[in-house]
Structures are given as structure tokens and as C-alpha cells.
Amino acid sequence: MKDFTVAAHALRTASKRLNDTAAAWVAAGSELNGAKLGADDLGYLGRVANIPAKYNSAVDAVWQKIDHGQSILAISAVQLRMTANNYDHADDATLKLMPKIGR
């Protein structure tokens, strides 16, 4: 049987990186604040062609994708951290159950 080990510190490092990435996605999403156009921002031709509404729809779609991606990254970070903690607790419990060698 092959040994199986989990590097909890590596899971925590990955968790931190995912958290940092999620924060960057939040910052990217906040850049969209105020990005929407008013109905007359592109003048008469823009209003007639309905360009502001189409543009605003695209802004909304991008914001929703960023928000969803950020949520997935943040959830993944929490799950990795929890996994690392679970492995640490399991290792501690196993060590307590093992008899002392050489006594």
C-alpha cells in the first residue's frame, strides 16, 4: 500500500491565493460602477439606435459574470481552508490514538 499524505500548508497557500484572486475580481467589478450610459449620453443617433440600452445590458452581463466568478473563488478558498483544517484535526486525533512507541 502506498502512503498518502496531504500538505495542509499547501492547501492554505492555495486558499489564500484564491482569496486574493476573488478580491481582485471584486475590484474589477467595482470598476463597472458608473459605467452605464444614460439614454441621451450618445446623442440622438445613439438613442435612436438604442445603443445605451444595449451597452448597459452588456455591462450588466459582465458584472453578473464577475460576481459569480468571485463567489466561486471565495467559496473554493473557504473549502480548501476547511479541508486543510480537517486533515490537521484528523492527524492530531490519529496521533493521540497511536500507542507510545518505546515505553
Side-chain angles (χ1 to χ4, degrees):
M1 182 166 127
K2 292 191 177 197
D3 290 337
F4 177 80
T5 60
V6 173
H9 66 280
L11 294 175
R12 286 189 183 88
T13 298
S15 174
K16 182 179 179 341
R17 288 184 181 157
L18 286 172
N19 261 336
D20 293 346
T21 303
W25 281 47
V26 168
S30 70
E31 292 292 323
L32 294 176
N33 289 338
K36 290 190 174 183
L37 295 174
D40 292 324
D41 284 356
L42 298 179
Y44 174 76
L45 294 176
R47 186 176 64 246
V48 169
N50 202 29
I51 292 172
K54 292 174 185 174
Y55 173 82
N56 291 340
S57 178
V59 168
D60 286 339
V62 169
W63 187 88
Q64 288 172 0
K65 297 291 184 186
I66 290 172
D67 186 56
H68 180 70
Q70 176 277 139
S71 294
I72 297 299
L73 289 166
I75 290 167
S76 298
V78 168
Q79 293 298 319
L80 278 177
R81 194 170 42 255
M82 287 174 57
T83 301
N85 291 343
N86 288 340
Y87 273 105
D88 282 344
H89 292 303
D91 283 348
D92 291 343
T94 301
L95 288 174
K96 288 179 184 175
L97 291 174
M98 293 176 70
K100 301 287 183 188
I101 299 175
R103 282 191 164 191

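Note that the structure is predicted; figures quoted are calculated from it, not measured. Atom set for the values below is all heavy atoms of this structure, side chains included, hydrogens, waters and symmetry mates excluded.
- One finds the OH atom of Tyr87 at 10.0 Å from the OG1 atom of Thr5 (value rounded to the nearest 0.5 Å).
- Connectivity analysis of hydrophobic side chains (ILVMFWY, heavy atoms under 4.5 Å, direct or indirect) links Met82 to Val78.
- Note that the CG atom of Asp41 and the CD1 atom of Ile51 stand 12.0 Å from one another [nearest 0.5 Å].
- Heavy atoms only, all atoms of each residue included: Ala14 and Leu80 are closest at CB-CD1, 3.8 Å.
- Within the structure, no pair that satisfies the salt bridge (charged side-chain N to carboxylate O under 4.0 Å, His left out) test touches residues 69-85, not counting sequence neighbours.
- Side-chain contact check for Ile66 versus Leu32: some heavy-atom pair is nearer than 4.5 Å.
- Among all heavy-atom pairs drawn from Ala77 and Ser15, the shortest one is O-OG, 2.7 Å.
- Hydrophobic clustering, defined by side-chain heavy atoms of Ile, Leu, Val, Met, Phe, Trp and Tyr closer than 4.5 Å, groups Val48 together with Tyr44, Leu45.
- Under the salt bridge (charged side-chain N to carboxylate O under 4.0 Å, His left out) criterion, the residue pairs touching residues 11-34 are Arg12-Asp88, Lys16-Asp20, with sequence neighbours excluded.
- Evaluation of the salt bridge (charged side-chain N to carboxylate O under 4.0 Å, His left out) test over residues 43-55, restricted to residues two or more places apart or in two chains, returns Asp40-Arg47.
- Val26 and Ile75 are assigned to two separate hydrophobic clusters, defined by single-linkage of ILVMFWY side chains at heavy-atom distances under 4.5 Å.
- Sorted by first and then second residue, the pairs that involve residues 55-72 and meet salt bridge (charged side-chain N to carboxylate O under 4.0 Å, His left out), not counting sequence neighbours, are Lys36-Asp60.
- The structure places CG of Asn33 at 9.0 Å from CH2 of Trp63, a figure rounded to the nearest 0.5 Å.
- Contact record, Pro52 with Gly46: CD-O, 3.2 Å, taken as the closest heavy-atom pair.
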